[in-house]
*Asks:* 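The structure under discussion is supplied below as structure tokens; questions concerning it will follow.
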Amino acid sequence: MFTRIRRLLSQFFSKTRTINNEPLNKFSLIVIIIIDIFILINVFTGLNDISRWHISPTEAYPCYSEWQNYRTKTTKDKDYEIVRLSLPSYTNNQLSFQQNYQQAETGHLGKVYQTCLQYADYKDKINNPEKQQIIRIIDQKQTKISRLEQANGTIKSQYDSTLLEKIADQGREQSINQVSAEKAKQALEENNRQISTLKQENFTLKNELIAKPESISFINFIKDDNRFQEVEKGYQQASFWYPSIQLGFQSLFLLPLILIALLVHKFSQRRGYGLVSLISWHLLVIFFIPLIVKIFEFLQVGAIFKFLFDILSAIFGSLLFLINYVYILLIPVIGFGIIQFFQKFIFNAKIQAASRVQKSQCVNCAKKIRHLDTYCPHCGYYQCIECHNCHNLTYKHLSYCKHCGTSQFSSNL
């Protein structure tokens, strides 16, 4: 296997740096590398664009995250908080929630889930000037509460030091504080009364807000377990299949490019177009790199990963690190498969040699030679090998001797 890998790498770098078996000059190699980098960047950009062609689970179920957060919260004000999210601070020239959700469909495949559009419709009904005014009043009162609490903190720090000064019988003219202990206490009590009043007013406003008919309808809607379970199930299914959909679109983008580059490379090799063969080979490599990268990404987050994750979770419970062992075993197998593919279909010397012998071409450089030439006049490659059975010269890389028909496999090792 290691011999095959070495031979594979040798053939790879030879194809990358030579035209008709002649090495490229440094300037030409630099130009080709710059072209490779430019094309590779554009390929990854195209892959990124086409992977977003189908709307994501978050775009298809835009209400799921907010809805789930509401259901998992245990705070007393969670009804107010969910209604508050329907009343954004800035409303000038702003799209409605439903229009904002539907924007994801523009220029993309897939649809926003209907229940989420209903969710957005309830939010749009809440969002009106009357309720926005209530929110502004609540915010103003909350700002006052924050200022009074901050003032209380300052007064308390001074109050403690004035008490110490009073215990020590220190004169008022020697005090480092601006107010006496009595005045500090009075200020604290007054501020606490105002804070209590403001909090009570805010409590009343919040109850008034969530008691509005639109708010009640919205809260009843999001408390419907059946609706939420439909959304949750759809979101989880979309999340499961989305990496596979992305890989499918990315493959749809790359495979035609790979096929075209491969056909051009084969054609240019047959016709002896060295420069075209070199460029098409570079393109073939460039198009394969992103495909391999995306396949490995898919193996980490796609359906296969989740399938293995679920199986190991069921069998081993919390020992999920075992999935890394699966990948450690799986990745070399995939790598071996890729090497075998290149060895059999791209770099297969027997297939190339058989085709070139039939066309009276050099088995190494594919240039035209005469039928009886044992050395190629173009690259100097020796075309024959001695048969281990009859000891006559036969074609190199072909499976059988042309004189006695004995298999040459063992002699080529």
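The chain is numbered in sequence order, starting from 1. Below, each value reflects all heavy atoms present in this structure, side chains not excepted, and no hydrogens, waters or symmetry copies.
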*Asks:* Are the side chains of Leu255 and Leu259 in touch, meaning some heavy atoms are under 4.5 Å apart?
*Replies:* no
*Asks:* Can you see which heavy atom on Pro377 is nearest to which on Ile369, and at what distance?
*Replies:*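 Nearest heavy atoms, Pro377 then Ile369: CD-CG2, 3.6 Å.
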*Asks:* So, Gln383 versus Asp373: side-chain donor-acceptor pair below 3.5 Å or not?
*Replies:*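 The answer is no; no qualifying pair exists.
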*Asks:* Once rounded to the nearest 0.5 Å, what's the spacing between atom OG of Ser86 and atom NZ of Lys125?
*Replies:*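 If I round to the nearest 0.5 Å, the distance is 12.5 Å.
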*Asks:* Step by step, would you call Leu109 with Ile55 a side-chain contact (heavy atoms from CB on, under 4.5 Å)?
*Replies:* CA-CA 6 Å; Leu109 297 177; Ile55 62 175; over 6 Å; no
*Asks:* Say whether Tyr80 and Asn207, considering side chains only, have a donor N or O and an acceptor N or O under 3.5 Å apart.
*Replies:* no
*Asks:* Would you check, one step at a time, whether the test side-chain contact (heavy atoms from CB on, under 4.5 Å) holds for Ser65 with Asn69?
*Replies:* CA-CA 6 Å; Ser65 177; Asn69 288 338; 3.9 Å; yes
*Asks:* Taking side chain as C-beta onward, heavy atoms only, is Cys379 less than 4.5 Å from Cys362?
*Replies:* yes
*Asks:* Is there a side-chain contact between Lys212 and Lys131 (heavy atoms, below 4.5 Å)?
*Replies:*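 Lys212 vs Lys131: side chains touch.
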*Asks:* Begin from the C-alpha positions of Glu230 and Arg227 and carry the test salt bridge (charged side-chain N to carboxylate O under 4.0 Å, His left out) through to its verdict.
*Replies:* CA-CA 5 Å; Glu230 286 177 7; Arg227 290 181 186 275; over 6 Å; no
*Asks:* Identify which one of Asn42, Asp36, Leu40 satisfies the side chain to side chain contact (heavy atoms under 4.5 Å, CB included) criterion when paired with Phe38.
*Replies:* Asn42
*Asks:* State whether Tyr381 and Lys396 meet the cation-pi test: NZ (Lys) or CZ (Arg) under 6.0 Å from the six-membered ring centroid, and within 45° of the perpendicular axis.
*Replies:*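 Flagged: Lys396 positioned over aromatic ring of Tyr381.
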*Asks:* What are the two closest heavy atoms between Thr394 and Cys401, and how far apart are they?
*Replies:*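 Shortest heavy-atom contact: OG1-CA, 3.5 Å.
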*Asks:* Can you name the closest pair of heavy atoms from Val112 and Glu59 and give their distance?
*Replies:*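 So the minimum-distance heavy-atom pair works out to CG2-O, 3.7 Å.
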*Asks:* Does Asp79 pair with Arg84 as a salt bridge, N-O distance under 4.0 Å?
*Replies:* no
*Asks:* Whether the Arg136 and Gln133 side chains hold a donor-acceptor pair (N or O, under 3.5 Å, no angle test) is what I'd like checked.
*Replies:* yes
*Asks:* Restricting to non-hydrogen atoms, name the atom on Pro290 and the atom on Val43 that form the minimum distance, rounded to 0.1 Å.
*Replies:* CG-CG1, 3.5 Å
*Asks:* Answer whether the closest heavy-atom distance between the side chains of His282 and Ile279 falls below 4.5 Å.
*Replies:* no
*Asks:* With Lys78 as the cation and Tyr70 as the aromatic partner, state whether NZ or CZ is under 6.0 Å from the six-membered ring centre and within 45° of the axis.
*Replies:* yes
*Asks:* Are more than 12 heavy atoms, taken from residues, nucleotides or ligands other than Arg71, located less than 6.0 Å from that residue's CZ atom?
*Replies:* yes
*Asks:* Would you kindly say whether Gln246 and Arg52 are connected by a side-chain donor-acceptor distance under 3.5 Å?
*Replies:*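 Gln246 vs Arg52: no donor-acceptor pair found between side chains.
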*Asks:* Going by the rule side chain to side chain donor-acceptor pair (under 3.5 Å), which residues pair with Glu81 if we only count those two or more places apart in sequence or in a different chain?
*Replies:* Lys73
*Asks:* Does atom NZ (Lys199) have a neighbourhood of more than 12 heavy atoms from anything else shown, all under 6.0 Å?
*Replies:* no
*Asks:* Take Ile222 and Phe218 through the side-chain contact (heavy atoms from CB on, under 4.5 Å) test and state the conclusion after the steps.
*Replies:* CA-CA 6 Å; Ile222 60 179; Phe218 178 51; 3.7 Å; yes
*Asks:* Might you point out which heavy atoms bring Thr374 and Cys384 nearest each other, and give the distance in Å?
*Replies:*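 Minimum heavy-atom separation between Thr374 and Cys384: CG2-SG, 4.3 Å.
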*Asks:* Provide the closest heavy-atom pair for Ile32 versus Leu278 in the form atom of the first, atom of the second, distance.
*Replies:*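 Smallest heavy-atom distance, with atoms named: CD1-CD2, 3.4 Å.
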*Asks:* Using a strict cut-off of less than 4.0 Å between a Lys/Arg side-chain nitrogen and an Asp/Glu carboxylate oxygen, indicate whether Lys141 and Glu201 qualify as a salt bridge.
*Replies:*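 Counted as a salt bridge, because a side-chain N and a carboxylate O are separated by less than 4.0 Å.
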*Asks:* So, the side chain of His378 versus the backbone of Lys368: is there a donor-acceptor pair under 3.5 Å, distance only?
*Replies:* yes
*Asks:* Holding to ring-ring contact (aromatic ring centres under 6.0 Å, His included), I want the full list of residues that pass it with Phe221, two or more places apart in sequence or in another chain.
*Replies:* Trp67, Tyr122
*Asks:* Taking atom types as modelled and ignoring hydrogens, do the side chains of Tyr119 and Glu66 form a donor-acceptor contact shorter than 3.5 angstrom?
*Replies:* yes
*Asks:* Could you give me the CA-CA distance, side-chain angles and deciding distance for Leu205 and Leu209, then say whether side-chain contact (heavy atoms from CB on, under 4.5 Å) is met?
*Replies:* CA-CA 6 Å; Leu205 288 170; Leu209 181 62; over 6 Å; no
*Asks:* Does CD in Gln150 sit with more than 12 non-hydrogen atoms of other residues, nucleotides or ligands closer than 6.0 Å?
*Replies:* no
*Asks:* If we ignore hydrogens and angles and just use 3.5 Å, is the side chain of Ser196 paired with the main-chain N or O of Arg193 as donor and acceptor?
*Replies:*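 No, Ser196 side chain to Arg193 backbone: no donor-acceptor pair under 3.5 Å.
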*Asks:* State the CD1-CD1 distance between Ile134 and Ile138, to the nearest 0.5 angstrom.
*Replies:* 7.0 Å
*Asks:* Under 2.5 Å between the SG atoms: is that true for Cys116 and Cys63?
*Replies:*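 Yes, disulfide present: SG-SG under 2.5 Å.
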*Asks:* Who are the ring-ring contact (aromatic ring centres under 6.0 Å, His included) partners of Tyr375, not counting sequence neighbours?
*Replies:* Tyr382
*Asks:* Roughly how far apart are Leu291 CG and Phe253 CZ, rounded to 0.5 Å?
*Replies:* 12.0 Å
*Asks:* Answer whether the closest heavy-atom distance between the side chains of Phe97 and Pro88 falls below 4.5 Å.
*Replies:* yes
*Asks:* So, the side chain of Thr143 versus the backbone of Asp139: is there a donor-acceptor pair under 3.5 Å, distance only?
*Replies:* yes
